[in-house]
Colleague: 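Pasting in a structure now, in structure tokens, and then I'll have a few things to ask.
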Amino acid sequence: MALYPVIMCGGAGTRLWPVSRPSRPKQFMSLGGNHSLFQEAVLRAAPLVIDGACLIVVGGVDHKKWILDQLEQVNFEAQVLLEPEARDSAAAMAAAAVWTHDRDPRGINAFIASDHHIPDHQGFRAAVNKAVDGAREARIVTLGVTPNAPSSAYGYIAPTGRGMSPIAAFVEKPDEATALQYIRDGYLWNSGNFIVSADVLLSELVTHAPDVERAVRGAVKSAGRSEVALLGDAFRQAPKVSIDYALMEKTDLASVLEVDFDWSDLGAWDAIAASGQGEAGEHILEDVDGCLTRAADGMLIAAMGVRNLAIIAEPDAVLVCDLSRSQDVKTVVERIRLSSPQHADFARRIDEPLNVGARRLQDWLRRKALPTWATLGQREDGAFVETLTLDGRLAPAPRRARVQARQIYVFAQAGLMGWQGPWARAVRTGVEHLEANFLREDGLMRTLLDQDSLPLDEEAMVYDQAFLLLALATAVKAGAIDKGMAMQRGAAVRDALEDRSVQNGAFREAGEFPFQSNAHMHLLEAALAWEEVSSDPAWSNLSDRLTNLARTIFIDPATGRLGEVLDGTWKLEAGERGGRVEPGHQFEWAWLLARHACRRGNDSGMEVALRLYASGRDGVSQRHDVAIDALNCDGSVRTNQARLWPQTEWLKAALIMAREASGADRAMYMNDASAALRALWLYLTPDGLWRDKRLQNGSFVEEAVPASSLYHIVSGFTQLAELSDVLGEDFQPARALG
């Protein structure tokens with residue numbers, strides 16, 4: 001039976017105000033060393049993880065950043081389950097037990113409080129391992145601490161014997177005289193740490209607290225398999241009750257293991273003072289005895305002639321109280337909530353609303369990015385450059401056909417949205433340069449030119465032809481080129497590509513990966529664009545065909561995920577390459593399939609798009625709120641690097657899903673769109689450039705700016721403009737860049 005330690009991160013942050021508050025409860029504060037109480041709990045529990053088990057952390061969604069940051073600081077990974085709202089310890093423990101049981105029906109959980117002070121790590125682990133023996137015998141074992149003094153701050157447990165024994169009674173926090181009698185009678189402090197098999201805990205909850213078990217099971221099921229999983233809304237329906245009331249006082253399986261290591265729940269400032277580790281910050285003390293002082297960075301505490309005080313200074317609030325009155329701080333906090341609520345909690349970050357971010361992107365494109373790339377990013381002969389440095393200088397590099405076509409699309413789309421810059425010249429000269437230098441005799445684009453526009457690679461990629469078709473359709477829609485000529489060329493390219501098609505209707509790509517989904521995705525984008533400017537039924541037929549390929553070949557029916565590389569029989573390739581799942585492409589395909597489904601009025605097509613969207617959502621890093629580059633086919637993370645372009649595809653997909661949804665679903669997709677736009681802003685620089693590759697630690701790879709990203713950015717903004725009805729307020733879609 002493997003052991004799965006569970007760090008319980010609940011807490012309202014009241015009795016240790018002003019340091020501990022709802023947005024930063026006490027477990028995330030340090031007692032003066034290098035680690036917080038939460039980190040100490042992780043380090044204390046980590047050696048217990050063996051035999052393929054893992055550490056689990058259960059905490060509130062509002063504390064996600066604290067949890068993930070502090071796990072990263074101690075270089076430890078854990079399965080994190082986030083509660084949408086606090087429902088007390090019974091629901092939190094049930095969530096960890098359901099998660100454990102789903103993966104290991106014989107697994108044992110050790111539920112460990114995140115905010116307790118236990119300096120003897122080895123002694124704690126020895127006690128847990130001894131309690132595991134009781135858990136193997138279907139007992140629910142709690143650790144009972146041998147009291148070293150009478151205390152009215154703790155609950156007590158009456159054991160039936162020494163060592164490990166059944167529990168005779170749980171008793172509430174007593175007055176001091178009663179506490180003294182409890183000690184004489186051999187009672188133990190209730191530490192709130194439990195060791196029990198997941199199966200036993202859940203079966204006992206079904207018997208004694210079925211509403212808890214039912215709600216939590218549904219919440220875990222809808223949370224998915226992400227390493228940072230948000231429990232579903234069903235969690236909110238769980239009764240708000242502690243494990244003591246819900247189960248421990250009712251079950252016949254409760255046992256207590258007597259332990260004698262130093263322990264404190266650090267529930268108030270007097271307990272912090274007694275731990276001997278609570279001092280922090282600068283202070284000058286004169287004739288002071290028995291006082292605890294904590295000063296925030298940049299603050300100084302000076303005290304003279306005082307005794308037995310807690311003097312706690314935060315930048316916005318100061319607490320001075322007699323240590324003997326520490327338990328009453330929560331009463332003061334209640335008064336603060338009524339008279340000065342801004343001091344009851346720390347100021348929380350307010351995320352930029354979607355419509356505000358959209359207007360900011362509108363201004364950035366109109367005033368910075370488009371002017372930069374229409375001048376520095378295009379030569380006099382119409383050739384678009386491949387890269388610019390972050391200070392706006394040309395970074396020489398071979399020029400790809402796809403970039404020439406993408407930039408034509410960008411400026412044609414800018415013209416459609418009313419940009420007053422030289423978009424028409426950029427499109428016209430760009431098309432002229434493409435025709436003169438990139439087109440082969442058969443009318444298809446060669447892949448690569450050098451700086452002097454001499455061919456470096458004559459291969460004609462399906463991927464590149466897709467962007468040629470998209471560029472021509474968008475330029476026709478903008479009125480920048482002759483429609484008749486463009487329609488003839490577009491049809492010729494489409495017909496030439498049919499020579500690459502195989503029996504199932506898919507297209508064989510040139511190069512290293514002839515069987516792939518990506519080229520088909522961009523062909524679908526181009527075909528949908530041509531449907532808007534041409535009545536030729538061949539374009540809608542192509543759209544339907546590509547959509548059907550996605551649904552029948554590219555998307556794994558078991559997982560709902562879309563593969564990247566296929567084998568010669570058009571099945572997902574085995575091994576590492578075939579197991580690669582790119583969240584950005586899940587979003588991009590979801591966006592395209594949703595557009596196609598809306599155009600055809602096809603509900604089943606929208607269902608496929610929604611499932612793909614959910615697959616892409618699994619690839620959004622809960623740590624950094626960005627869409628990462630790649631998952632494995634089982635949903636685990638392959639790389640934590642995150643490029644710019646998946647953020648725009650997340651934005652587009654979320655927006656189109658929001659338009660088609662209503663009620664709570666629309667709100668969810670709108671929240672996702674806001675998050676995606678905020679993620680995009682991480683990459684953009686104030687002067688119209690961007691960084692492309694973001695590392696796991698949040699830093700960026702220092703490299704030249706790739707022009708190809710502008711296609712993704714403009715495409716994302718186009719979706720914002722087209723679906724501005726979901727933005728509300730005053731974001732204007734008409735002539736959005738005018």
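Because only heavy atoms are used, hydrogens play no part in the values below, and waters and symmetry mates are left out as well, while side chains stay in. Residue numbers start at 1 and run along the sequence shown.
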Colleague: Would you call Glu334-Lys330 a salt bridge at under 4.0 Å N-O?
Modeller: no
Colleague: Can Ser340 and His343 be counted as having a side-chain donor-acceptor contact under 3.5 angstrom?
Modeller: yes
Colleague: Think Arg44 forms a cation-pi with Phe124, using NZ or CZ under 6.0 Å from the six-ring centre and within 45 degrees of its axis?
Modeller: yes
Colleague: When the ring planes of Tyr683 and Phe700 are compared, do they come out parallel, tilted or perpendicular, using 30° and 60° as the limits?
Modeller: perpendicular
Colleague: Cation-pi check for Trp269 against Arg15: NZ or CZ below 6.0 Å from the six-membered ring centre and within 45 degrees of the axis, yes or no?
Modeller: no
Colleague: Applying the side-chain contact (heavy atoms from CB on, under 4.5 Å) criterion to Thr142, which one of Ile195, Asn193, Ile157 satisfies it?
Modeller: Ile157
Colleague: Can you measure from NZ (Lys26) to CG (Asp115) and round to the nearest 0.5 angstrom?
Modeller: 4.0 Å
Colleague: To the nearest 0.5 Å, tell me how far Ser242 OG sits from Glu249 CD.
Modeller: 7.0 Å
Colleague: What residue among Phe170, Tyr156, Tyr154 forms ring pair (Phe, Tyr, Trp, His ring centres under 6.0 Å) with Tyr182?
Modeller: Tyr156
Colleague: Closest approach of Arg678 and Glu352, non-hydrogen atoms and distance?
Modeller: NH1-O, 3.3 Å
Colleague: Can a donor-acceptor pair be found, under 3.5 Å and without considering hydrogens, that links the side chain of Gln39 to the backbone of Ser36?
Modeller: yes
Colleague: Nearest 0.5 Å, please: how far is CZ in Phe38 from CD1 in Ile7?
Modeller: 7.0 Å
Colleague: Consider side-chain contact (heavy atoms from CB on, under 4.5 Å). Of Asn640, Val620, Leu682, which one does Val626 pass it with?
Modeller: Leu682
Colleague: What is the distance from atom CD of Gln647 to atom CH2 of Trp690, rounded to the nearest 0.5 Å?
Modeller: 15.0 Å
Colleague: Decide if the gap between the ring center of His117 and the ring center of Trp263 is smaller than 6.0 angstrom.
Modeller: no
Colleague: Below 4.5 Å, heavy atoms only, C-beta onward: do Gln342 and Asp316 meet side chain to side chain?
Modeller: no
Colleague: Determine whether a donor-acceptor pair (N or O, by modelled atom type, separation under 3.5 Å) exists between the side chain of Thr178 and the backbone of Pro174.
Modeller: no
